[in-house]
Amino acid sequence: MKKLLYILFFILPINPGPVLFGQTSEYVLKAVFLEKFSRFITWPATPEFADTSKPFIITVIGSNVFENGIEKVYAKQKIKNKTVQVKKINSLDDIGNTNMLFISYSETHRLNEILKFVEGRPIVTIGDTKGFGDDGVMINFVIEDQHIRFEINETVVRKSKLQFSYMLLNQSKIIKTP
């Protein structure tokens with residue numbers, strides 16, 4: 001069963017286009033993972049989220065570790081049947097109605113402030129910095145044996161307005177914090 005879940009999660013086509021064939025970088029792969037994660041996350045059923053004419057918003061706060069790779073991946077790719085808008089910000093006030101917030105390593109010094117700002121809002125927080133999962137980021141990428149893996153802070157997810165599928169949880173390292 002676990003093998004089937006692995007196949008469903010990682011092998012299902014995403015159609016990122018020629019980006020992956022020409023220059024597969026760590027951050028292009030991480031950008032692709034964002035869409036994969038969205039397949040197993042349910043956001044609250046609000047009229048605004050249900051409106052497919054409004055974009056699915058991915059926001060990167062701090063240093064843009066993706067460079068322009070994330071824009072290339074989502075130039076034509078949709079998430080939740082919505083076009084994808086990528087925003088790069090430095091101010092908390094610019095988070096707005098984001099659906100996924102990637103917190104760059106450059107924001108380590110104000111991670112608690114960012115997490116407090118988005119607390120209670122239906123925003124998936126994502127990082128790729130050692131310790132971010134333990135500190136309250138919902139999904140944190142880690143490199144193990146030269147492979148991209150991820151950990152999920154189950155405690156934070158359970159307190160949020162989001163529902164993570166057991167299939168996503170089964171593919172991750174689970175972190176529980178007090």
Side-chain angles (χ1 to χ4, degrees), residues 10 14 16-17 19-20 22-41 43 55-75 77-80 82-157 159-162 164 168 171-175 177:
F10 294 103
I14 184 170
V19 173
L20 289 179
Q23 57 174 23
T24 304
S25 76
E26 174 185 341
Y27 282 96
V28 169
L29 292 174
K30 288 177 180 179
V32 170
F33 265 99
L34 301 182
E35 189 276 337
K36 298 277 190 198
F37 293 149
S38 74
R39 296 178 188 196
F40 301 96
I41 299 172
W43 278 260
F56 186 96
I57 302 172
I58 299 173
T59 302
V60 178
I61 189 165
S63 298
N64 182 16
V65 293
F66 292 99
E67 297 176 354
N68 63 354
I70 195 167
E71 287 87 355
K72 288 180 182 177
V73 169
Y74 292 107
Q77 178 68 39
K78 291 186 174 190
I79 294 180
K80 299 288 186 181
K82 299 169 147 230
T83 59
V84 177
Q85 176 185 356
V86 178
K87 294 182 355 182
K88 296 170 189 142
I89 64 169
N90 288 307
S91 170
L92 293 176
D93 294 330
D94 294 331
I95 290 175
N97 292 326
T98 194
N99 303 108
M100 288 184 164
L101 177 65
F102 186 91
I103 306 167
S104 178
Y105 66 89
S106 67
E107 301 307 297
T108 302
H109 66 284
R110 66 178 188 157
L111 179 62
N112 290 335
E113 179 185 358
I114 294 167
L115 294 175
K116 195 69 157 166
F117 187 84
V118 300
E119 188 175 3
R121 296 168 71 182
I123 298 173
V124 177
T125 55
I126 303 169
D128 71 343
T129 303
K130 185 175 181 162
F132 269 23
D134 292 322
D135 292 338
V137 172
M138 290 179 185
I139 301 173
N140 191 46
F141 288 107
V142 293
I143 304 294
E144 290 179 355
D145 300 324
Q146 299 180 353
H147 291 90
I148 298 172
R149 309 267 191 239
F150 57 94
E151 52 193 16
I152 294 179
N153 188 318
E154 185 179 33
T155 307
V156 174
V157 168
K159 290 180 182 177
S160 76
K161 296 177 179 178
L162 302 161
F164 281 46
L168 180 59
Q171 296 302 316
S172 69
K173 175 184 175 190
I174 299 294
I175 297 173
T177 53

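Summarising the geometry of N140 relative to T129, their closest heavy-atom pair is ND2-O, 3.0 Å, with the distance given to 0.1 Å. Summarising the geometry of L34 relative to M100, their closest heavy-atom pair is O-CE, 3.2 Å, with the distance given to 0.1 Å. Nearest heavy-atom pair, I123 versus M138, reported as atom, atom and distance to 0.1 Å: O-CE, 3.5 Å. When all heavy atoms of G127 and V137 are compared, the pair lying nearest together is N-CG1, 3.5 Å. Between S63 and S106 the shortest heavy-atom distance is N-OG, 2.9 Å. Nearest heavy atoms, E35 versus K78: CG-O, 3.9 Å.
I95 is listed as a side-chain neighbour of L92, based on a closest heavy-atom distance under 4.5 Å. For the pair I148 and E26, the minimum side-chain heavy-atom distance is below 4.5 Å. D134 places none of its side-chain heavy atoms less than 4.5 Å from the side chain of N153. A 4.5 Å side-chain heavy-atom check between F102 and V65 finds at least one atom pair inside the cut-off. A 4.5 Å side-chain heavy-atom check between I126 and F132 finds every atom pair outside the cut-off. Proximity of V157 to L162: side-chain heavy atoms (C-beta onward) are nowhere separated by under 4.5 Å.
Side-chain atoms of T59 do not come within 3.5 Å of backbone N or O of L101 as any donor-acceptor pair. A donor-acceptor contact shorter than 3.5 Å is absent between the side chain of R39 and the backbone of L168.
Between the CG atom in N64 and the CD1 atom in I89 there is a gap of 11.5 Å [rounded to 0.5 Å]. Interatomic distance, E154 CD to I174 CD1, rounded to the nearest 0.5 Å: 5.0 Å. Remark: K88 NZ to I70 CD1 distance equals 8.0 Å, nearest 0.5 Å. We find the CD1-OG1 distance between I114 and T125 to be 10.0 Å, quoted to the nearest 0.5 Å. Put simply, CZ on F117 and OG on S91 are 7.5 Å apart, with the number rounded to the nearest 0.5 Å. In this structure, NZ on K80 lies 10.0 Å from CG on N99, to the nearest 0.5 angstrom.
Ring to ring, F56 and Y74 are not that close: their centroids are 6.0 angstrom or more apart.
Ion pairing between a basic and an acidic side chain is recognised when a charged N comes within 4.0 Å of a carboxylate O; K116 and E113 show no such pairing.
Using a 30° and 60° split on the angle between ring planes, F141 and F33 fall in the perpendicular class, above 60°.
Of the candidates F164, F150, W43, F150 is the only one forming a ring pair (Phe, Tyr, Trp, His ring centres under 6.0 Å) with F37.
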Practice problem: Could you walk me through whether K87 and D94 pass salt bridge (Lys or Arg N to Asp or Glu O under 4.0 Å), step by step? | Solution: CA-CA 9 Å; K87 294 182 355 182; D94 294 331; over 6 Å; no
